[in-house]
Amino acid sequence: MWSGYITPPTVYYYDLTMGGILTKNDESPMVSVPTTKLEAKILETMRQRESKGTSIKSFNTIILKFPKIDENLRKCKAIFEQFDEDKSGSIDRKELNHCFRKLEIDSTDEEINDLFKECDINDDMEISFNEFVVLLCLVYLLKKDPVSAHASSGKGFQDLEVTFETLVDSFVFLDKNKDGYVSRGEMVRAINETISGERSSGRIAMRRFEEMDWDKNGMVNFKEFLFAFTKWVGIEDAEGEDDDDSE
């Protein structure tokens, strides 16, 4: 007869929306395991960055930064339009390669293709404006000096780097245990540290967590966080407004 504790079997799920194998058993929370080299690299780099700490002190600090973040992210629009060579409203793989070469971002063709796949959320083989913003932020995270050729000569690039660092800083603040993911519990903790007795504010923040948690597994990676952030600051709304104006 068997005796002692028997570890329950692991159940595997596949996250079709954001990628990654999710594992779960009866004794532990669901954990996301990267399935591509790029996903693993993003996770590794984020964990290294988290070891350095964050300047963000409260959840309210993040909210107060929304207007400035919105202003700076919209500066990406000119870059995006410059490399949307056929004026289709999106960037294809060839145009993205031209973009990286022109901006002198040191990446191989394989790295560019991996980034394209990672950010092409709806698999339409095109990068929309909000996907482009997320892609540039991932480049900033992964590259020590992603736009060095332009940072000294263009204030716009300096503003973007400051904004991307703010986004990284915000994620680091939310990820209390520094494992590269933000859990529902960590979001609650961040709220409780900032807000006392304001249930409505807490509910709003939790709804925002649900917006980040696309696969509803109770944890959010950096890419999910970035896509949610573009919605929060109105990037997607701005795309719709531009479309309306063009009609």
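Every value quoted in this text rests on a predicted model; they were computed, and no experiment measured them.
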Measure the [atom1]-[atom2] distance between [X] and [Y] for me, rounded to the nearest 0.5 Å.
X    : Y    : atom1 : atom2 : answer
N177 : D175 : CG    : CG    : 5.0 Å
N113 : N97  : CG    : CG    : 6.5 Å
I121 : S128 : CD1   : OG    : 9.0 Å
L96  : D120 : CG    : CG    : 10.5 Å
K68  : T163 : NZ    : OG1   : 7.5 Å
D179 : N221 : CG    : CG    : 11.0 Å

Note, [X] side chain near [Y] side chain (heavy atom, < 4.5 Å):
X    : Y    : value
E131 : N122 : yes
N72  : F164 : no
E111 : L142 : no
V182 : E224 : no
F227 : N130 : yes

Where the side chain of [X] meets the backbone of [Y], is there a donor-acceptor pair that is under 3.5 Å apart?
X    : Y    : answer
S88  : D84  : no
E126 : G89  : no
E186 : K176 : yes
K178 : G53  : no
D114 : E118 : no
E81  : A78  : no

> Yes or no on side-chain contact (heavy atoms from CB on, under 4.5 Å) for M46 and V172, after CA distance, side-chain angles and deciding distance?
Replying inline: CA-CA 8 Å; M46 179 53 71; V172 172; 4.1 Å; yes
Which atom of [X] lies closest to which atom of [Y], heavy atoms considered:
X    : Y    : answer
K223 : V134 : CG-CG1, 4.3 Å
M212 : V220 : CB-CG2, 3.7 Å
L135 : L115 : CD1-O, 3.9 Å
V168 : F222 : CG2-CZ, 3.8 Å
V139 : I105 : CG1-CG2, 3.8 Å
L73  : L160 : CA-CD2, 4.4 Å

> salt bridge (Lys or Arg N to Asp or Glu O under 4.0 Å) with D109: which of R101, K94, R93?
Replying inline: R101
>> Please determine whether side-chain contact (heavy atoms from CB on, under 4.5 Å) holds for the pair I42 and L141, giving the CA-CA distance in whole Å, both sets of side-chain angles, and the decisive distance to 0.1 Å.
In response: CA-CA 8 Å; I42 292 170; L141 175 70; 4.1 Å; yes
>> Does the plane of the ring in F225 sit parallel, tilted or perpendicular to the ring in W232? Use 30° and 60° as the thresholds.
In response: perpendicular
>> Classify the ring geometry of F66 against F229: parallel below 30°, tilted from 30° to 60°, perpendicular beyond 60°.
In response: perpendicular
>> With side-chain contact (heavy atoms from CB on, under 4.5 Å) as the criterion, how do L226 and L138 come out once you've worked through the C-alpha distance, each side chain's angles and the decisive distance to 0.1 Å?
In response: CA-CA 9 Å; L226 290 176; L138 291 180; 3.9 Å; yes
> Is there any ring-ring contact (aromatic ring centres under 6.0 Å, His included) pair reaching into residues 77-106, and which pairs are they, with sequence neighbours excluded?
Replying inline: F80-F129, F80-F132
>> Please list all pairs meeting salt bridge (Lys or Arg N to Asp or Glu O under 4.0 Å) that have one or both residues in residues 41-54, counting only residues at least two apart or in different chains.
In response: R49-E165, R49-D169
>> Evaluate K117 against L38 for side-chain contact (heavy atoms from CB on, under 4.5 Å), listing each step before the verdict.
In response: CA-CA 10 Å; K117 292 177 183 177; L38 181 58; over 6 Å; no
>> Can a side-chain donor-acceptor contact be found between S58 and N60 if the only test is distance below 3.5 angstrom?
In response: no
